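Everything numeric in this text was worked out from a predicted model, so none of it was measured.
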Amino acid sequence: MKFIHAADLHLDSPLRGLSSYPDAPAERLRTATRDAFHNLVTCAMEEPVDFMVIAGDVYDGDWKDFNTGLFFIKQMGRLRQAGIPVFLLHGNHDAESDMTRSLDLPDNVHVFSARKADTFRLAQHKVALHGRSFKVAATTENLLPGYPAPVPGWLNIGVLHTALEGNSEHAQYAPCSVAELQAKGYQYWALGHVHEHWVQRGDVTIAYPGNLQGRHIRELGERGALLVTAQDGDITAVERLAVDVLRWHLLDIDIAPVADGRSAVRLVGQALERLLSDTPAHLPLAVRVVFKGRSAAHADLVADEGQLRQEVIAQAVALDAERIWIEKVRLASEPLAAACSSADDEAQGALAELESLALSAQDDPDFVRALQADWQALLEKLPHEVLQATPELSLLRQDPAAQVPERIRQATPVLMARVGQDARASATASANTPT
């Protein structure tokens, strides 16, 4: 007996600023969550599986386009025609959605109640599925005590939308502990809410499939669902099903081995080529490039970040323009420390103190507010076409409170590199001036 465990579909999740990048594959990103779910349904039919479990967050909060709901119903209809039942639990995003309340689902879809935990039974497979949907988004109490006792002699599957205790990256909805899940007496826990893949095997299997499709740079790498095999009431295998249609990658480039900007950019090309060879040929890649390490090449990179982005894009285009999109280029590198005289030591100490002061500025609320007001006044005067051509400025204008501290952090190493260059140039000029 086989079933698919999926969660966190977030169908038609908005792009949230990505469309402001003129070279972004906006249409591909816009349909990615749908395409990934279509792939999952196809996998379920081709396997074929005996049923599917969806552990919450079909929709994306208060997203109001009913075409999203109709698309989901169409996919459920495909499973109905194949004779595959679906057991659906509503998560925090579904609780906010008009579509959850308004659209009737096909009769092969069984939705767990939000009033109390209930049980669906598949007698032919001796499987009992227990779960409780969210009634409201902010469901912060532990729902587990209300789950029913396991059915003796059957495979018991618990379905729950939860962050588990101790997961600080996700809102603490329906919190509970791993020990509580293990003590319940079920053989498998089909969890949702956490977007990263995680499986713990043992007498009790506890699993997050992760979301079906990465939507931004914080959702990296392979995405999909779980194909679970059971026999005689025991879980015998849990396999990952990759169904994503676009994959996000964070590419760290260590520039320590090179001495100039051109060589640093060539390192990007080599890393992108390796990435392409390690990724299935049908998958496009959204890549953020981050330069790291201490190197003499740092000065070349900070000289013109706009030019640097274009040079990185050129490396990607030369390899495969259809498969690689460079989302951002970031500088986290540092200049190479040089041997210094005592006078130089004093200058370096002054620069270090200045850098520390600059970094502390992001934690000074008065400074941040003042800078935010100055930037906002400047941004309001910029022509619309300039904002369109420069996504970073557009984002800064839309959400200055969130962007300003990050911009200070990013600007500090660039500023210090340029101050250091000017200081060294001034010292060299003074040394060469006849007395």
Check whether any side-chain heavy atom of [X] lies under 4.5 Å from a side-chain heavy atom of [Y], and answer yes or no.
X	Y	result
V289	R330	no
I217	H249	no
V86	H110	no
L40	M52	yes
W154	R121	yes
R28	L246	yes
I54	F87	no
T33	D12	yes

Under 3.5 Å, is there a donor on one side chain and an acceptor on the other for [X] and [Y]?
X	Y	answer
E311	Q307	yes
N156	H130	yes
N142	E180	yes
H193	D8	no
R78	Q75	yes
S263	R266	yes
T42	N39	no

Tell me whether [X] contacts the main-chain N or O of [Y] through its side chain, where contact means a donor paired with an acceptor under 3.5 Å.
X	Y	answer
N108	M76	yes
W248	G214	yes
D320	R323	yes
R240	E222	yes
S133	L89	no
K184	Y147	yes
T279	L276	no
R223	L220	yes
R309	I326	yes
D50	K2	yes

Can you spot which of T205, I206, V238 makes a side-chain contact (heavy atoms from CB on, under 4.5 Å) with Q200?
I206

Measure the [atom1]-[atom2] distance between [X] and [Y] for me, rounded to the nearest 0.5 Å.
X	Y	atom1	atom2	result
L181	T162	CG	OG1	7.5 Å
L143	F134	CG	CZ	6.0 Å
E322	L285	CD	CG	12.5 Å
I253	S333	CD1	OG	11.5 Å
L164	L191	CG	CG	5.5 Å
D35	L212	CG	CG	11.5 Å

Working note: H298 + V302, criterion side chain to side chain contact (heavy atoms under 4.5 Å, CB included); need CA distance, chi angles, decisive distance, verdict.
CA-CA 6 Å; H298 175 79; V302 301; 3.4 Å; yes

Can you name the closest pair of heavy atoms from [X] and [Y] and give their distance?
X	Y	value
H5	A207	CE1-O, 3.2 Å
D300	G261	OD2-N, 2.9 Å
T236	A230	OG1-N, 4.0 Å
S13	D60	OG-OD1, 3.5 Å
G77	P106	N-CG, 4.1 Å
A117	G146	CB-O, 3.5 Å

Are more than 12 heavy atoms, taken from residues, nucleotides or ligands other than R201, located less than 6.0 Å from that residue's CZ atom?
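Buried by this count: over 12 neighbours within 6.0 Å.
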
Is the closest basic N to carboxylate O distance between D252 and K292 below 4.0 Å?
yes

Show your reasoning for whether side chain to side chain donor-acceptor pair (under 3.5 Å) applies to E219 and N211.
CA-CA 9 Å; E219 296 179 347; N211 57 344; 2.9 Å; yes

Are F3 and Y188 close enough, and set up right, to give a ring-ring contact (aromatic ring centres under 6.0 Å, His included), and what steps lead you there?
CA-CA 12 Å; F3 67 92; Y188 187 89; 5.4 Å; yes

Check whether NZ of the Lys or CZ of the Arg R132 lies under 6.0 Å from the centre of the six-membered ring of F112 and within 45 degrees of that ring's axis.
no

With ring-ring contact (aromatic ring centres under 6.0 Å, His included) as the criterion, how do H10 and H195 come out once you've worked through the C-alpha distance, each side chain's angles and the decisive distance to 0.1 Å?
CA-CA 11 Å; H10 292 279; H195 289 190; 4.9 Å; yes

